[in-house]
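Read through the structure below, which is laid out as structure tokens, and then see the notes.
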Amino acid sequence: MKKKTLVLLLALTMVFAFALSACGGSSESGGEEEDATLRVVTEATFAPFEFTEDGDDEIKGFDVDMMNAIAEDQGLKIEFINMEFDSLIPALESDQGDIIAAGMNKLAGDRAEKADFGDTYFESDLMLLVKSDSTLTSIDDVTPEMKLASQIGTTGGDYVQALESDGKIAQGVVLNQWTDSYMQLQNGDVQGVVVDKPVGEAYLNAHSDIAKFVGEPFGDHEEFAYAVQKGNTELLDKLNAGLANMKENGTYDELVDKWFS
Ligand code: ARG
């Protein structure tokens, strides 16, 4: 009799232990931690959206202030991680990041197939930036011996590479950092930089003596949006709610005045 009782007790103990673990009785159940710090990935040579200054690693800009305001509104913890622009979407795909905030055009290419983009927070077009003494008057004036620079993986980068493919310029020089493009323009290594209008304007604010815009905006009209990992609807809804609240309570307009006036 005793042996049967012991076997029954052992069986009941094992069933109870299994039931406990299956109901999330331990942290290994994969329960999402409420206070996880979300990784916002960006490429910080894109002033005034995201940039660093004088060797300081701190990332500043409109996108930084916007994401911090959204995070505060929605009770999220975020941190910013700086990386090359064409690494941003792969970072989400490989769970090396949770959110992209990088002045990224949600309408471009196959981006929306690889990440889920939120509501538009800024609109833009491309412009041609040239040296002050350039005789170019628009993007349509470029000639087959010219070189134009832009950033790798961006709409501007794609544009200059398409001009090269079409034989309209000698080379579309795609670089990792916008600052390198500006430097190559000033060194005379390239005859122009294809850049997002608000970013070129920020550069001209500080360098109007050595550079200028020529011609009208061109390329596909852009809608900048943050992005989350494919399928993370819960987080995207929170970001969109935070943006809506920012626009409602005046914070968005304050940030536009701060960074674009
Ligand atoms: N708006 C352009 C694009 O979506 C350029 C974005 C570059 N952003 C940056 N943080 N470097 O391709």
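Values below: every heavy atom of this structure, side chains too, minus hydrogens, waters and symmetry copies. Order of listing sets the numbers, starting from 1, for every ligand and every atom in it. Since we're looking at a predicted model, the values are computed, not measured.
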Need the ligand 1 atom indices (1-based, order shown) with element for anything under 4.0 Å from a heavy-atom of [X].
| X | value |
| --- | --- |
| Met104 | 4 (O) |
| Gly103 | 1 (N), 2 (C), 4 (O), 6 (C) |
| Gln151 | 7 (C), 9 (C), 11 (N) |
| Phe224 | 1 (N) |
| Glu222 | 1 (N), 2 (C), 3 (C), 4 (O) |

Met67 CE to Leu38 CG distance, which is reported to the nearest 0.5 Å: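 One gets 8.5 Å once the value is rounded to the nearest 0.5 Å.
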Intermediate values then yes/no, salt bridge (charged side-chain N to carboxylate O under 4.0 Å, His left out), Asp95 and Arg39: CA-CA 10 Å; Asp95 194 21; Arg39 301 156 298 176; 2.7 Å; yes
Whether Phe49 lies under 4.0 Å from ligand 1, heavy atom: no
Any N or O of Thr45 closer than 3.5 Å to N or O of ligand 1: no
Criterion side-chain contact (heavy atoms from CB on, under 4.5 Å) against Ile99, the qualifying member of Val41, Leu235, Leu236: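 Exactly one candidate clears the test, Leu235.
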Test item: Tyr159 and Ile139 side chains (from C-beta on) under 4.5 Å apart, heavy atoms: yes
Non-hydrogen side-chain atoms of Tyr252 and Leu243 separated by less than 4.5 Å: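 With C-beta onward as the side chain, the pair touches.
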Atom 5 (C) of ligand 1: nearest protein contact (heavy atom, Å):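 Its nearest protein heavy-atom neighbour is Asp196 OD1, 3.5 Å.
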Identity and distance of the protein heavy atom lying nearest atom 8 (N) of ligand 1: Ala102 O, 2.8 Å
Ring centres under 6.0 angstrom apart (Phe224, Phe117): no
Electrostatic pair Lys197-Glu201, nearest N-O below 4.0 angstrom: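 Looking at Glu201 together with Lys197, the answer is yes, because their closest N to O distance falls below 4.0 Å.
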Per-residue contact class, Arg111 against ligand 1 - non-hydrogen pairs under 4.0 Å: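 Looking at Arg111 and ligand 1, just side chain atoms fall under 4.0 Å.
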